[in-house]
Structure formats: structure tokens, C-alpha cells
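All ligand and atom numbering here is 1-based and tracks the order in the structure. For the single chain, residues carry numbers from 1 onward in sequence order.
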Amino acid sequence: MNKNNISIIILAAGKGSRMKSPTAKVLHSISGKPMLYHIIKVSQEISNDITVVIAHQKEKVQEAMQSHFENINFCVQDAENFPGTGGAMKNIAPKNEKVLVLNGDMPLITAEALDGFLNTDADIIMSIFDLQNPDGYGRVIIEENQVQRIVEQKDASAQELKVSTVNAGIYAFSKTVIEKYIPLLTNENAQKEYYLTDVISMARKDGLNISPLLVDEANFKGVNSKKDLSDSEMIMQDKIKTAWMNAGVIMQLPSTIYIEEGVTFEGECIIENGCRITGDTLISNSHIKASSVIEDSIVKSSDVGPLAHLRPASYIEDTHIGNFVEVKKSSLKGVKAGHLSYIGDSQVDEGTNIGAGVITCNYDGINKYKTIIGKNVFIGSDSQIVAPVQIEDDVMIAAGTTVTSGQVKSGSLAISRVKLRTIKDFYYKFFNKK
Ligand code: UD1
Ligand code: CA
């Protein structure tokens, strides 16, 4: 494929009122990234000339995309005077002869699924699918074996509403078609909008060659509502998890697992039910046990969970993380932290054992401080390490100790305990039992 032969226009200027949300529709996330991100990413595999049409919350949309991509053109639609998908196409000057137009609310699209739009020479290629419930989509009217026109739901007659063949919302036009028909669009319809879809009937009347391409919902579903958003999320999750299982990851009850775009696995990994793995996480040769949450972290040759939480910037290698352990922005190498701990802003070295209930106190209400723990340290249960603190190699911290000294030297025992008192018969006196 030659990326210099085709221009891509992505329509992302609409209000998305049916989302009932203060967030612009195209910025709603699917598998951890905005819908529009997924579409631009796929577009970049196909073309070097990508234009995103924006209007509603244009600064936010543009900023969000510029944080991920370079070399994207943005064009602002005059949505007040020319609302609608046809209005969005005004003032667009594509570089190339062939122009692919994508709706910005179709996050499931893939480069392979777009192949069919690139390899024929019809004046217009449009995408269609058949749905049991065509609600919300424009109906495609086919007569005499030819596509005649697209009727939007709000303009359709009772008869037309029954048509189950719908417009999926992706088109390949020749540049000449765009230059000729976009200026001719009118807004004489139920929504008083300029419909891009009206190009079809005009081109038909002029005898142009319109080629319908049958596509599938799994790649071409449009998102108009929060229900569509969750349905699309399910499809995207299924794709992501299937791809990783095919690459060798073992998943138990994959329907209960959530894995974001951007997560990677290496070697043999086992992911148990109920796990949520997000951001730029890398998991290599590890076992993630039930109901664990891992965010933006690296896990190598380790086992984590059940019910553990690795928060962003954690690096875990050759380590055992057990249940109810939370780790944040810390590096643990060759460590055992089996139960009920918080390890934050810490660096913990090989052979160290972190007992149940150990807490690094990394925050004094204003600033965060680091805890550095060396090799072969034994930290007894229910100890608090008040940072900033450095515990050198070969140290014992007695159970229940509060470490506040800043530094514990190699070979020492640190112990802070109140002497135990036992008061004879106190229980019986207190409860009046004897
Ligand atoms: C559109 C099609 C419909 C098709 C459906 C497929 C039209 C008129 N209708 O309907 O036939 O079945 O997609 O999903 O095209 N947008 C703008 N500027 C605007 C309005 C919309 O850029 O003024 C953008 C939106 O941000 C969105 C895309 O165009 O990404 C589609 O708009 P939307 O309102 O969702 O169109 P549908 O009603 O779904
Ligand atoms: Ca739509």
C-alpha cells in the first residue's frame, strides 16, 4: 500500500448529544484510549495525509490527539452555519485523488477492514451492513440492484424505516466527487443539517458508479450512546484478549478480564479471572492471580495477587506479591511481600521479606519521601517505615516496629516496643465474671 496515494478525513466535530455527557463523544474511551485515538492510529497505517474535522470542544479534542500523534491536520467546521456530516466536509482540500472519509465514532475499525475501500476504482465506495435492529443508522435504499440514496432515520417514512440495510458511515470518494457535490448539499431535512449521505443520491442521478461494500458490525459499529459505548468496549476487549491468547497468554474466564490497548505480554503469562490491566503495562513470564489490578507497571518473572494492586510506575521482578498488597512507584527485585502491605515510593532489593501489614509511610501530608531497603532484610509484621529512610543490607526489623531513624545500619536489629505488661485477673474483674 502506498500511503501517499490516499487522503483520510475523520469527522469528529459533532456534539454527540445522544451520549448525554459533558465529554465530547470522540473523547470517550474504549479500552483505555479515546475513540478518536483508535481511528487515527488505524488511519496512520494507511495514509500520510490525515485531516480531523473538529468543532465541538475543539481545543480539548485537538490537544488530546496531539498528545498522541504528530502530523495530523485539524480543520474547524463552521458548525453554526453548516451543521452536519456534509457541513464538516466543507473547506476540506484533500491532497490525493482518493479520499477515505471516516466517522469519528467508529473505534472498532481496523486497517484490514478498510482494505476493500482502497482497491477499487468506483467513483464512490460506501459501506453497508444488514442489522436486525437498524435503529439510529441511515437506511440504504437499493432499487434495480443499485444504491439509490441514503435516508436518515429522522427523515425516513414508515416503509423506509423497515429497511434493514444501513449505511455504516465510511466512504471512499474520488476527489472530484467531493469537489463537485459537497458545495451542492442543502439542509432541507428533518434535522436542518447538511448530510454527507446526500452525495449518494446526487451522484446516482448523474449516473456515477457507486459501489456498496458489505462490512461487519464487529469492525464498523458506530457509537452514539453509552450503551453503544459499552457494546463496542466488549467487542474491542474480545479482539484484544483473543490476540493475546493467540500470542500465547493463558487467560482463565477471559470474559471477566479487562486489558487495555497498550498493555504487552511476553513469554508464558497466566492471567486469572477478574484482573484489570491498564496503561503501558508490560507483563513477562508472570502469573497474575484473581481480581488483581495492574496500572502502568512492569512485572517480570513474578506472581501477583490474588487481590493485589500495582499502581503506576511499579517495577516488579522475581518477586512474590500476595493478597491485599498495594505497590506504587516502587521497584521490587527478588522480594516477598505476601500479605496486606503498602509499599510506596520505595526501592526494595533481593532476598528481602516484607511481613504482613508492613506500611511505608511515604507522605507527611505535604511531601512524599523515599524508602530504600537493601538486600536480605527481614521486616517483621505490622511495622511502619516512616520515610525518608534507608535500611541497609542484612537488617532485621522486629514485628511491630516503627522505623523513624532515617538509616538502619547493616547487620542491626531495629526494635521499637513498649514493654509488655500482663495484669492478673483483669478480665474477670472487668466483666464481673467471678
Ligand atoms: C451517520 C450517517 C448515517 C450512518 C451513521 C453510521 C449522516 C448524515 N448520517 O449518522 O447514515 O448510518 O453515521 O454510523 O452522515 N460530525 C461532524 N460534524 C457534524 C456532525 C457530525 O463532524 O456537524 C461527526 C461526528 O462527530 C461523528 C460523525 O460525524 O463522528 C457521525 O455523526 P453522527 O451524528 O454520529 O451521525 P449518525 O447520526 O450516526
Ligand atoms: Ca454515529
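- Within the cation-pi definition used here (under 6.0 Å to the ring centroid, within 45° of the axis), Lys328 does not qualify as a partner of Tyr342.
- Using a 4.0 Å cut-off between heavy atoms, Ala13 contacts ligand 1 through both its backbone and its side chain.
- Taking any N or O of Thr197, backbone or side chain, none lies under 3.5 Å from an N or O belonging to ligand 1.
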#### Entry: Candidate pair Gln77 and His56, rule side chain to side chain donor-acceptor pair (under 3.5 Å), full reasoning
CA-CA 9 Å; Gln77 176 184 356; His56 182 63; over 6 Å; no
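- Under the 4.0 Å criterion applied to side-chain N and carboxylate O atoms, Lys33 and Glu261 are assigned as salt-bridge partners.
- Look at Asp228 and Lys221 and you find a salt bridge, because one of the NZ, NE, NH1 or NH2 atoms lies within 4.0 Å of a carboxylate O, short of that distance.
- Below 4.0 Å from some heavy atom of Tyr195 lie the following atoms of ligand 1, by number and element: 8 (C).
- Of the polar atoms of Gly14, at least one N or O is found under 3.5 Å from an N or O of ligand 1, judged by distance alone.
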### Query
What do the steps show when you test Asp296 against Arg311 for salt bridge (Lys or Arg N to Asp or Glu O under 4.0 Å), and what is the final call?
CA-CA 7 Å; Asp296 279 304; Arg311 289 172 49 209; over 6 Å; no
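- Checked by distance only, ligand 1 and Val26 stay at 3.5 Å or farther apart across all their nitrogen or oxygen atoms.
- Of all the atoms in ligand 1, the ones that sit under 4.0 Å from a non-hydrogen atom of Gln77 are 17 (C), 18 (N), 19 (C), 22 (O), 23 (O).
- In this structure, of Arg18, Gln191, Glu152, the residue bringing a heavy atom nearest to atom 36 (O) of ligand 1 is Arg18.
- Heavy-atom contacts from other residues, nucleotides or ligands closer than 6.0 Å to NZ of Lys41 number 12 or fewer.
- At a 3.5 angstrom cut-off on N or O pairs, Val53 does not count as close to ligand 1.
- For a threshold of 3.5 Å applied to N or O pairs, the pair formed by Tyr137 and ligand 1 contains no separation below that value.
- With respect to Asp198 and Arg149, no salt bridge is recorded, no charged nitrogen being found less than 4.0 Å from a carboxylate O.
- Compare Thr85, Ile10, Asn167 by their heavy atoms: the one nearest to atom 15 (O) of ligand 1 is in Thr85.
- Every atom of ligand 1 with a heavy atom of Leu11 under 4.0 Å away is listed here by number and element: 22 (O), 24 (C), 25 (C), 26 (O), 27 (C), 28 (C), 29 (O), 30 (O).
- Ligand 1 lies less than 4.0 angstrom from a heavy atom belonging to Ala12.
- Evaluated by nearest non-hydrogen atom to atom 6 (C) of ligand 1, the leading choice among Gly222, Gly104, Ala168, Gly84 is Ala168.
- Ring to ring, Tyr363 and Tyr369 are not that close: their centroids are 6.0 angstrom or more apart.
- No more than 12 heavy atoms of other residues, nucleotides or ligands shown are found within 6.0 angstrom of NZ on Lys333.
- Within ligand 1, the atoms closer than 4.0 Å to a non-hydrogen atom of Lys25 are 35 (O), numbered from 1 in the order shown.
- Within the sub-3.0 Å shell of the Ca ion (ligand 2), the protein contributes these N/O/S atoms: Asp105 OD2, Asn224 OD1.
- Counting non-hydrogen atoms of neighbouring residues, nucleotides and ligands closer than 6.0 angstrom, the CD atom of Gln159 reaches no more than 12 such neighbours.
- Salt-bridge formation is not detected for the pair Asp345/Lys370: no Lys NZ or Arg NE/NH1/NH2 atom is positioned less than 4.0 Å from an Asp or Glu carboxylate oxygen.
- Here's the thing with Gly138: one of its N/O atoms is less than 3.5 angstrom from an N/O atom of ligand 1.
- A salt bridge links Asp349 to Lys375: at least one charged side-chain nitrogen sits closer than 4.0 Å to a carboxylate oxygen.
- Atoms of ligand 1 found under 4.0 Å from any heavy atom of Asn224, numbered from 1 in the order shown, are 35 (O), 39 (O).
- Distances from atom 1 (C) of ligand 1 to the heavy atoms of Asp78, Asn103, Val101 show the closest one on Asn103.
- Within 6.0 Å of CG on Asn91 lie no more than 12 heavy atoms contributed by other residues, nucleotides or ligands.
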### Query
Going through the distances and angles, do Leu114 and Ile170 end up as a side-chain contact (heavy atoms from CB on, under 4.5 Å)?
CA-CA 9 Å; Leu114 291 175; Ile170 287 186; 3.9 Å; yes
